[in-house]
Amino acid sequence: MKLAKKITPWIVFMLLLAVSMKAQSPIGKWKTIDDETGDQKSIVEIFEKDGKLYGKIIQLFRKPTEEQDPVCDECDEDDPRYNKRVLGMVILEGLKKGSDNVWEDGEILDPKNGSVYSCYIELIDKNKLKLRGYLGFSLIGRTQYWYRVE
């Protein structure tokens, strides 16, 4: 009986830890913010496939003067996304779980200019995601913060 009293709190602790770890996942919907203008750009849904994370644009925030249903005409002609609709496009690909709250070794497409960058994401807290896109080394690149959408 004494052993059960000692083990029970640890079991409860481990279950709570498992639940909180599950809550600390980037899977879900995220509002993207332009790091240069501060404007909201889109909603990206991050999902898991074959143990890696991917992100698809599910909503665009466009000004009335902008094309409402743009295509990626700046994408490389060899890229299968060339001249495809941005809405519904997978722009974040192949992120693998790294240390702590980091997923790395992925790629992100900027549909505005057609450039593909290496990237990693870091879950700052359950509602804030840091995305770093870069060429070559992560020191040379751009950072955006995305915010969870319920």
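Counting from 1, the numbers follow the sequence of the chain as shown. Small disclaimer: the values here were computed from a predicted structure and weren't measured.
Here the CD atom belonging to Gln40 is positioned 6.0 Å from the CD1 atom belonging to Ile33, to the nearest 0.5 angstrom. In this structure, Ser118 OG and Ile108 CD1 are separated by 11.0 Å, a value rounded to the nearest 0.5 Å. Distance check, rounded to the nearest 0.5 Å: NZ of Lys49 to CZ of Phe47 gives 7.0 Å. Atoms CZ and CD1, from Arg148 and Ile43 in turn, are 12.0 Å apart once rounded to the nearest 0.5 Å. In this structure, the separation between SG on Cys72 and NZ on Lys112 is 13.0 Å, given to the nearest 0.5 Å. Taking CE of Met89 as the start and OG of Ser42 as the end, the distance is 12.0 Å to the nearest 0.5 Å.
Two residues are said to be in side-chain contact when any heavy atoms from C-beta on lie closer than 4.5 Å; Asp69 and Leu87 meet this criterion. Annotation: side chain of Tyr117 is in contact with side chain of Ser115 (closest heavy-atom distance under 4.5 Å). The shortest side-chain heavy-atom distance between Ile140 and Tyr134 does not fall under the 4.5 Å cut-off. Taking the side chain as every heavy atom from C-beta outward, Trp103 and Leu123 approach each other to under 4.5 Å. Counting heavy atoms from C-beta outward, Glu150 and Asn127 have side chains that approach closer than 4.5 Å. Two residues are said to be in side-chain contact when any heavy atoms from C-beta on lie closer than 4.5 Å; Ile121 and Leu95 meet this criterion.
Note on Leu109 and Val86: same hydrophobic cluster, where clusters join Ile, Leu, Val, Met, Phe, Trp and Tyr whose side-chain heavy atoms are under 4.5 Å apart, directly or indirectly. No path of Ile, Leu, Val, Met, Phe, Trp and Tyr side chains, each step under 4.5 Å between heavy atoms, connects Val90 with Tyr120, placing them in separate hydrophobic clusters. With hydrophobic clusters built from ILVMFWY side chains whose heavy atoms lie under 4.5 angstrom apart, Val44 shares a cluster with Val116.
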Requested in this report: Take Arg142 and Glu36, measure what side chain to side chain contact (heavy atoms under 4.5 Å, CB included) needs, and give me the verdict at the end.
Outcome: CA-CA 10 Å; Arg142 290 173 41 191; Glu36 294 172 344; 4.0 Å; yes
Report task. Please lay out, stage by stage, how Lys41 and Gln144 fare under the test side chain to side chain contact (heavy atoms under 4.5 Å, CB included). Result -> CA-CA 11 Å; Lys41 292 172 52 174; Gln144 288 187 349; 3.9 Å; yes
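Trp30 places a side-chain N or O within donor-acceptor distance of the main-chain N or O of Pro26, the cut-off being under 3.5 Å. The main-chain N or O of Ile27 is found under 3.5 Å from a side-chain atom of Ser25 such that the two form a donor-acceptor pair. Judged by distance alone, with hydrogens and angles left aside, the side-chain atoms of Arg132 form a donor-acceptor pair with the main-chain N or O of Ser138 at under 3.5 Å.
Here side chain to side chain donor-acceptor pair (under 3.5 Å) pairs that include residues 53-67, with residues two or more places apart or in two chains, number zero.
Evaluated for a side-chain contact (heavy atoms from CB on, under 4.5 Å) with Leu131, the options Thr32, Leu92, Thr143, Asp35 yield exactly one hit, Leu92.
A salt bridge links Asp79 to Arg81: one of the charged nitrogens lies within less than 4.0 Å of a carboxylate oxygen.
The cationic group of Lys128 lies under 6.0 Å from the six-membered ring centre of Tyr145 and within 45° of the ring axis, placing it in a cation-pi geometry.
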